[in-house]
Amino acid sequence: MSKMEECKENIQDRDGNVKLSSKPEEDDKSCSRVRVCSNIGEPVRQASPTHGDFSDPVYKEIALANGHINRMNKDELRAKLAELKLDTRGVKEVMKKRLKNYYKKHKLLMTQSVTAGEATDTYYDYICVVDFEATCEQDNPADFTHEIIEFPMVLLNTHTLEIEDTFQEYVRPEVNTQLSEFCVKLTGITQKMVDDADTFPDVLEQVVLWLQEKELGTKYKYTLLTDGSWDMSKFMNTQCRLNSLRYPQFAKKWINIKKLYGNFYKVPRTQTKLSSMLEKLGLKYEGRPHSGLDDSRNIAHIAMRMLQDGCQLRINERMHEGQLRTVPSSAPVEGAPPPHTPRSRD
């Protein structure tokens, strides 16, 4: 694993406020018991349960179906998914989760117990995927300052499950102005690219204008999504301090897809590297690894597949007074505010 990957994959204790648990959070209890019954698609005759009433017989049916799914082998799972015209790619646990969520959604819809917006992830109209590239050295000293050198953004439409647009600008570093040979080789970003680029405040202003043109936060509900915590809690935080900017309000909350992926598919954190997530979902990396824009596109593909598998993508991390905080799954769902260029620090 490269040093940059280690930075993003393994948050060090010395950063204190960005240490994450290695255990998936228990925020997906409704799908934790896992049987597919041959009667998928048949109507349920019981009365509809009231919201939060899990004593209704329909939940017993779901639990029984889940138990049967757990006993199916990979070929049986793939055959059942094909029969239901669902995606058959991915490892066994991913296929189990896909089938369980299909059956659960189907049964609840049949009982008309799911109100608008609960059956699918439609709260956010758009999800903006961000994966920064930053200055780095092969053996980063403890006090090395990582500066953002690529600011990419991929706009994912949650209704069509398509990438609607992309944004990419390189950024000229001002502390470590000369890129290391290791950084150039890792990211593919050359010294000329950053020398010809604008500084971070100017690029951030371009990002804000791009988001405003999309009417995000005004006409459409949106949020940011990252592959881990460091993009916002470390890179964005550090960059704003270096440029004497207040941390932008629209970036204070985001979806950490690593954490959500681990919780949803019940896998340990060691299996949430970008390459591992793609592989387990039956996807292949497209583009050049460590290109911020290509990484963002591939992260968006993972988000699409998770939405298709029934995962509700929700904000799970935030910045508060310069510190990383977890947003509990019980918190009210909300989108990012309208984007504005942050003011300078007083």
Side-chain angles (χ1 to χ4, degrees), residues 23-123 158-159 161 257 259-268 271-272 277 279-283 302-314 316 329-330 333:
K23 296 181 180 180
E25 293 182 352
E26 297 300 324
D27 62 354
D28 191 28
K29 294 182 177 66
S30 61
C31 294
S32 62
R33 292 204 285 302
V34 272
R35 198 175 171 246
V36 166
C37 297
S38 60
N39 66 341
I40 287 181
E42 292 182 7
V44 178
R45 295 179 178 82
Q46 291 83 4
S48 300
T50 58
H51 186 70
D53 180 11
F54 294 100
S55 63
D56 190 274
V58 69
Y59 290 102
K60 183 177 180 180
E61 291 189 29
I62 292 171
L64 290 172
N66 287 346
H68 182 63
I69 292 171
N70 268 355
R71 293 191 290 274
M72 296 174 76
N73 61 37
K74 194 169 183 178
D75 289 339
E76 290 171 332
L77 288 165
R78 187 173 286 115
K80 192 65 182 179
L81 288 168
E83 177 188 329
L84 297 170
K85 295 181 171 55
L86 299 175
D87 199 310
T88 60
R89 290 176 292 180
V91 296
K92 185 177 179 180
E93 290 306 313
V94 166
M95 290 193 289
K96 279 184 183 180
K97 189 71 173 181
R98 188 171 300 143
L99 200 50
K100 291 175 197 175
N101 277 283
Y102 170 86
Y103 186 63
K104 176 188 175 184
K105 183 189 297 185
H106 179 84
K107 283 295 185 184
L108 292 178
L109 284 172
M110 291 295 290
T111 60
Q112 298 181 340
S113 65
V114 180
T115 58
E118 290 182 330
T120 56
D121 190 280
T122 55
Y123 180 83
T158 65
H159 302 289
L161 293 183
I257 199 168
K259 184 185 290 187
L260 203 60
Y261 179 97
N263 294 341
F264 186 66
Y265 294 113
K266 305 303 180 188
V267 300
Q271 296 178 21
T272 60
M277 291 190 289
E279 181 182 354
K280 289 185 177 297
L281 292 173
L283 302 173
I302 293 171
M304 290 179 206
R305 180 57 50 82
M306 291 178 70
L307 287 169
Q308 290 171 329
D309 284 352
C311 181
Q312 293 188 334
L313 300 182
R314 295 288 185 265
N316 55 8
S329 58
S330 57
V333 181

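Computed from a predicted model, the values in this text were never measured in an experiment.
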Problem set entry | Trace of the side-chain contact (heavy atoms from CB on, under 4.5 Å) decision for Lys74 with Met95 | CA-CA 8 Å; Lys74 194 169 183 178; Met95 290 193 289; 3.3 Å; yes

Problem set entry | Enclosure of Glu279 CD (heavy-atom neighbours >12, cutoff 6.0 Å) | no

Problem set entry | Gap separating the CD1 atom of Ile257 from the SG atom of Cys311, nearest 0.5 angstrom | 8.0 Å

Exercise. Checking Gln271 side chain against Pro268 main chain: does a donor-acceptor pair fall under 3.5 Å?
Worked result: no

Problem set entry | Stepwise side-chain contact (heavy atoms from CB on, under 4.5 Å) test for Arg305 and Asp87 | CA-CA 9 Å; Arg305 180 57 50 82; Asp87 199 310; 3.1 Å; yes

For this session: Could you tell me the separation between the OG1 atom of Thr272 and the NZ atom of Lys259, rounded to the nearest 0.5 Å?
Result: 11.0 Å

Exercise. How many angstroms lie between atom NZ of Lys96 and atom CD1 of Ile69, to the nearest 0.5 angstrom?
Worked result: 9.5 Å

Exercise. Is the shortest heavy-atom distance from the side chain of Leu81 to the side chain of Tyr102 under 4.5 Å?
Worked result: no

Exercise. Roughly how far, to the nearest 0.5 Å, is the CG atom of Leu77 from the CE atom of Met72?
Worked result: 5.0 Å

For this session: Could you go through the side-chain contact (heavy atoms from CB on, under 4.5 Å) check for Tyr123 and Arg314 one step at a time?
Result: CA-CA 9 Å; Tyr123 180 83; Arg314 295 288 185 265; 3.9 Å; yes

Seminar exercise, completed: Between Asp309 and Asn101 the two heavy atoms that sit nearest each other are O-CB, 3.1 Å

For this session: May I ask you to decide if Phe264's main-chain N or O and Lys97's side chain share a donor-acceptor pair within less than 3.5 Å?
Result: yes

For this session: Say whether, by atom type as modelled, one donor and one acceptor occur between the side chain of Arg98 and the main chain of Arg89 under 3.5 angstrom.
Result: yes

Exercise. Hey, what do you get for CG (Leu307) to CD (Gln312), rounding to the nearest 0.5 Å?
Worked result: 9.5 Å

Seminar exercise, completed: Value for CD (Glu83) from NZ (Lys80), rounded to nearest 0.5 Å, stands at 4.0 Å

Exercise. Would you say Lys85's side chain and Ala82's backbone share a donor-acceptor pair under 3.5 angstrom?
Worked result: no

Problem set entry | Val94 side chain reached by Leu281 side chain, heavy atoms, under 4.5 Å | yes

